[in-house]
Amino acid sequence: MSERFILTLSCPDERGIVAAVAGFLAGQDCNILESAQFDDLETGRFFLRMLFTSEAGVSGETLRAAFGAIARRYAMDWHINDATHRPRTFLLVSKFGHCLHDLLYRHEIGALPIHIAGIVSNHVDFRGVAEARGIPFHHIPVPRDGKAEAEAQLFDLFEREQGELVILARYMQVLSDDLSARLAGRAINIHHSFLPSFKGAKPYHQAHARGVKLIGATAHYVTPDLDEGPIIEQEAIRVDHGMSADEMVAAGRDVETVVLARAVTWHAERRVLLNGSRTVVFR
Ligand SMILES: Nc1nc2c(c(=O)[nH]1)N[C@@H](CN(C=O)c1ccc(C(=O)N[C@@H](CCC(=O)O)C(=O)O)cc1)CN2
């Protein structure tokens, strides 16, 4: 079967980009299976994602080398990646395990295109869950006066294990500016509110106190600014006056798991492109 690749790119918009890319792929005996594009008229930036096969068996390395000239001509930020590649991923969790368990189940049934390299927690609650599945478990406590050392341990592990993606699956520690910057575009957090409403550690209680009629969850890339990162996916559900904060927490669990799984899947399938402080999602 022919190798499959994903081309993603963004660049200043001008006429002829799609023709140039399609012409290049045709010239390399490649067949385009999926193509999606977006032209941000506000910023003048163009975004493209193409899934294609290399019918003549041209390697990714050769395609990347050959594409360079076009990329320079249009000042592209681009990637050509093996479509079957599964990013080496660390799942980070604190005390609440619903998102972790959901991701592990989806992975076990082949519905989550990642490679789980390990589970990291500032508590030991999920060691058994990891070991039962043969997944390395790393307990990295974060004492108030030991955050820098804990983060250095985490990043060393990430680098040592050739990590490509970090999922904050209800990991309740705020990452420092330095670590957030080092993981830019490679760390996805699930926030348990419909951002920008109710940032911080206790959004459901904030929502209950405010008397909202809709609550939700938001998956976003991690940035130094808490709960401000580029949004990948959101979902909302209806609540009412009769629901307690705890009932909202319970209802929100299902929304969090679905939103995070979608965001992780789309990121792994290279369907999410950064557009400044926003995203373009070719879902
Ligand atoms: N740099 C970032 N780090 C993290 C983000 C982020 O957006 N940028 N998101 C959080 C997750 N989160 C909400 O989604 C969140 C987690 C924790 C807190 C918080 O105030 N934590 C307290 C400690 C709480 C505890 O020990 O239980 C703190 O860190 O002082 C707010 C929001 C993950 N990290």
Side-chain angles (χ1 to χ4, degrees), residues 89-100 102-103 118-126 138-155 157-158 163 165-210 212 215-237 245-246 248-264 267 272 274 276-279:
T89 304
F90 283 89
L91 307 179
L92 274 53
V93 62
S94 288
K95 285 281 185 183
F96 301 113
H98 53 286
C99 290
L100 175 69
D102 180 78
L103 293 175
I119 294 172
V120 176
S121 180
N122 54 325
H123 302 288
V124 295
D125 303 49
F126 298 104
H138 307 272
H139 176 218
I140 303 180
V142 188
R144 283 214 173 285
D145 56 357
K147 190 169 188 158
E149 294 73 17
E151 290 197 345
Q153 206 182 331
L154 173 59
F155 193 69
L157 170 67
F158 182 74
L165 182 61
V166 169
I167 306 299
L168 286 72
R170 293 298 296 271
Y171 181 71
M172 300 309 287
Q173 293 297 314
V174 177
L175 305 188
S176 68
D177 293 5
D178 175 59
L179 183 57
S180 305
R182 288 178 186 222
L183 293 173
R186 302 188 287 170
I188 296 173
N189 177 59
I190 185 66
H191 182 72
H192 36 315
S193 86
F194 197 80
L195 290 173
S197 299
F198 313 127
K199 297 174 184 147
K202 287 194 171 298
Y204 291 117
H205 292 75
Q206 296 177 55
H208 181 262
R210 182 70 184 79
V212 297
I215 59 170
T218 304
H220 63 91
Y221 288 112
V222 169
T223 59
D225 306 318
L226 190 58
D227 303 328
E228 293 278 353
I231 292 171
I232 303 168
E233 175 63 336
Q234 295 185 284
E235 195 68 77
I237 56 170
D246 288 344
M248 289 185 180
V249 169
R253 272 196 286 271
D254 301 336
V255 187
E256 293 168 42
T257 56
V258 168
V259 167
L260 183 58
R262 285 181 193 154
V264 172
H267 175 91
V272 186
L274 281 171
S277 62
R278 301 176 291 166
T279 63

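Just so it is clear, the structure is predicted and the values come from calculations on it, not from any experiment. When a ligand or atom number is given, it counts from 1 through the structure's own listing order.
Within the cation-pi definition used here (under 6.0 Å to the ring centroid, within 45° of the axis), Arg210 does not qualify as a partner of Phe198.
The heavy atom nearest to atom 21 (N) of ligand 1, out of those in Glu228, Lys147, Met172, is found in Met172. When the options Thr223, Val142, Asp178 are ranked by their closest heavy atom to atom 2 (C) of ligand 1, first place goes to Thr223. When Ile190, Leu179, Thr218, Leu175 are ranked by how near their heavy atoms come to atom 4 (C) of ligand 1, first place goes to Leu175.
The main-chain N or O of Asp227 is never found under 3.5 Å from a side-chain atom of Asn189 such that the two would form a donor-acceptor pair. No donor-acceptor pair closer than 3.5 Å links the side chain of Lys199 to the backbone N or O of Glu228.
Within ligand 1, the atoms closer than 4.0 Å to a non-hydrogen atom of Tyr171 are 11 (C), 33 (C), numbered from 1 in the order shown. Taking every non-hydrogen atom of Gly200 and a distance limit under 4.0 Å, the qualifying atoms of ligand 1 come out as 31 (C), 32 (C). Short contacts between ligand 1 and His220, defined as distances under 4.0 Å to a heavy atom of the residue, involve ligand atoms 7 (O). The contact set between ligand 1 and His191, taken as ligand atoms under 4.0 Å from a residue heavy atom, comprises 13 (C), 14 (O). Atoms of ligand 1 found under 4.0 Å from any heavy atom of Leu168, numbered from 1 in the order shown, are 33 (C), 34 (N). Contact atoms of ligand 1 toward Val222: 1 (N), 2 (C), 8 (N) (distance under 4.0 Å to a heavy atom of the residue).
Looking at residues two or more places apart in sequence or on another chain, you find no side-chain contact (heavy atoms from CB on, under 4.5 Å) involving Asp254. Among residues two or more places apart in sequence or in another chain, the side-chain contact (heavy atoms from CB on, under 4.5 Å) test is passed with Ser176 by Glu151, Asp178, Leu179.
Ring-plane geometry between Tyr204 and His192 is classed as tilted, the angle between the planes lying from 30 to 60 degrees on a 0 to 90 degree scale.
Atom 9 (N) of ligand 1 has its closest protein heavy atom at Asn189 ND2, 3.4 Å. Ranking the protein heavy atoms by distance from atom 20 (O) of ligand 1 puts Ala201 CB, 3.8 Å first. Counting protein heavy atoms only, atom 34 (N) of ligand 1 is closest to Gln173 O, 2.8 Å. Protein heavy atom at the shortest distance from atom 28 (C) of ligand 1 is Val174 CG2, 4.2 Å.
Annotation: side chain of Tyr221 is in contact with side chain of His267 (closest heavy-atom distance under 4.5 Å). Residues His205 and Asp246 are in side-chain contact: their nearest non-hydrogen atoms beyond the backbone lie under 4.5 Å apart. In this structure, the side chains of Phe90 and Leu154 stay at 4.5 Å or more apart for every pair of heavy atoms.
Here's the thing with Ser180: one of its N/O atoms is less than 3.5 angstrom from an N/O atom of ligand 1. Taking any N or O of Arg144, backbone or side chain, none lies under 3.5 Å from an N or O belonging to ligand 1.
At a heavy-atom distance under 4.0 Å, atoms from both the backbone and the side chain of Leu226 approach ligand 1. Using a 4.0 Å cut-off between heavy atoms, Asp227 contacts ligand 1 through both its backbone and its side chain.
Val93 and Tyr171 make their closest contact through O-CD1, 3.7 Å (heavy atoms, listed as atom of the first residue, atom of the second, distance).
For His123 and Ser121, the side-chain atoms include no donor-acceptor pair closer than 3.5 Å.
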